[in-house]
Participant: 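Take this structure first; my questions come after.
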Number of protein chains: 2
Amino acid sequence: MKESARQPSKFLAVIAQIQTMIKTDALRSGDKIPSERELSDRLSIGRSSVREALRALELLGLIETRRGEGTFLRDFKDHQLVPLIGAFLFDQDQKKKDVQEVKAILELGCLALLAQKNNLTSRDQQLSFDHYMEKADNRLLENIWMIISDYAGSDKENERLDELLEAAKQIQFPERQ
Amino acid sequence: MKESARQPSKFLAVIAQIQTMIKTDALRSGDKIPSERELSDRLSIGRSSVREALRALELLGLIETRRGEGTFLRDFKDHQLVPLIGAFLFDQDQKKKDVQEVKAILELGCLALLAQKNNLTSRDQQLSFDHYMEKADNRLLENIWMIISDYAGSDKENERLDELLEAAKQIQFPERQ
DNA sequence: GAATGGATGGTGGTCTGACCACGTAATTCA
DNA sequence: TGAATTACGTGGTCAGACCACCATCCATTC
């Protein structure tokens, strides 16, 4: 025997098993998955390892645990990635410039989406970006924008709205496949 | 006593502590963080809880553990999110659209930044976005784009490059303060 | 002196069993 | 019948014990 196969840690195996379980049982958002103890039993893996896997998935926002009730699948829309990663990213790049730039990009893109979908009515002109983001019908974009906005601090966004709107109307997103 | 303050699970506290530690000690990629047992000691938290937090961060690719050696900070570029989340995206249609849209927005914004700074030479026309993102000099933008790109999967981005470039040149970001 | 190789201690990986805190459902009792 | 109590299942946490692995030190050996 050259190498002992170096088994990929148990807790990764648990995650894989859960993924399989979700697929074969056709589990959906809100469905309950087996308890930690049952998983531990069925997979012949210590409960602590099961918990490590579940905690990781929870941090990602893929599952939700409720004490006394159980563990449930979560809608991916509510994923925790952005806030989480954000906390780590911002430690590195504190540069306010970066934040402001990205925020502007997201807002511009949001307006461009709306313009493209002809969802911009003249009445929208004085609305805030919270509203625009909602109309853009893109939860991911909305989530990222909210996080960025938190870090960007308050600014007089309305001052730039008209300019941004004009710019947005010019943009044509290339179609894909 | 009405409510017992419902402390936010220990393992989240550990993550927060680690983030703080990274900041105050100015830790960088490759640096070693305290051992599980030491963290358990210093934070007065059971080792299992510490492990749950570390495993979660490892799954995200934010840290790397080497048996017999210790736990180390990792370069964020090596994050593990992609294959993981992918397996959980069972009902994916809406989400895929979201990801594609955000990706396009980020890329467009990147080009707009470059155009604004007059950093677009004609020689750049055939370069990939990895390159553009680097030139844009915005680590935050680059990081977010990398995450999104992984989710989006491979596409023929070069097909859209010329169009995007043209659109980007038209964009004028409103100046701020 | 230099190279070998074993002993030692530290680290992550895992398991077990024991509690606690919380919800729910069944049971009991008025 | 209805309210209170109990029992049970669940996640949350802890402590201790092993194992596997790695680096280091140090005595042995050449």
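Being a predicted model, the structure only gives us computed values, none of them experimental.
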Participant: Please list, chain by chain and in numerical order, all residues satisfying side-chain hydrogen bond (donor to acceptor under 3.5 Å, both in side chains) with A:Arg37, sequence neighbours excluded.
Facilitator: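 Once residues adjacent in sequence are excluded, A:Arg37 has no partner under the side-chain hydrogen bond (donor to acceptor under 3.5 Å, both in side chains) criterion.
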Participant: Measure from CD1 on B:Ile45 to P on D:dC14 and round the result to the nearest Å.
Facilitator: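 To the nearest whole Å, that distance equals 6 Å.
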Participant: Kindly write out the residues that satisfy salt bridge (Lys or Arg N to Asp or Glu O under 4.0 Å) with A:Glu134, not counting sequence neighbours, or none if the list is empty.
Facilitator: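 A:Glu134 satisfies salt bridge (Lys or Arg N to Asp or Glu O under 4.0 Å) with no other residue.
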Participant: Output side-chain donor-acceptor pairs under 3.5 Å for residues 48-57 of chain A, partner residues at least two apart or in another chain, one line each.
Facilitator:
residue	atom	partner	partner atom	Å
A:Arg51	NE	B:Glu52	OE2	2.7
A:Arg51	NH1	A:Glu36	OE1	3.2
A:Arg51	NH1	A:Glu36	OE2	2.8
A:Arg51	NH2	B:Glu52	OE1	3.3
A:Arg51	NH2	B:Glu52	OE2	3.3
A:Glu52	OE1	B:Arg51	NH2	3.3
A:Glu52	OE2	B:Arg51	NE	2.7
A:Glu52	OE2	B:Arg51	NH2	3.3
A:Arg55	NH1	A:Glu58	OE1	2.7
A:Arg55	NH2	A:Glu36	OE2	3.0

Participant: Among residues at least two apart in sequence or on other chains, which ones pass side-chain contact (heavy atoms from CB on, under 4.5 Å) with B:Arg66?
Facilitator: B:Glu64, B:Glu69, B:Phe72
Participant: Should B:Ser49 be listed as having a side-chain N or O under 4.0 Å from OP1 or OP2 of D:dG12?
Facilitator: no
Participant: Going 5' to 3' through nucleotides 7-13 of chain C, assign each nucleotide B (protein heavy atom under 4.0 Å from a base atom), S (under 4.0 Å only from sugar-phosphate atoms) or - (no protein heavy atom that close).
Facilitator: ---BBBB
Participant: Taking side-chain contact (heavy atoms from CB on, under 4.5 Å) as the definition, give me every residue that meets it alongside B:Asp41, ordered by chain and number, with sequence neighbours left out.
Facilitator: none
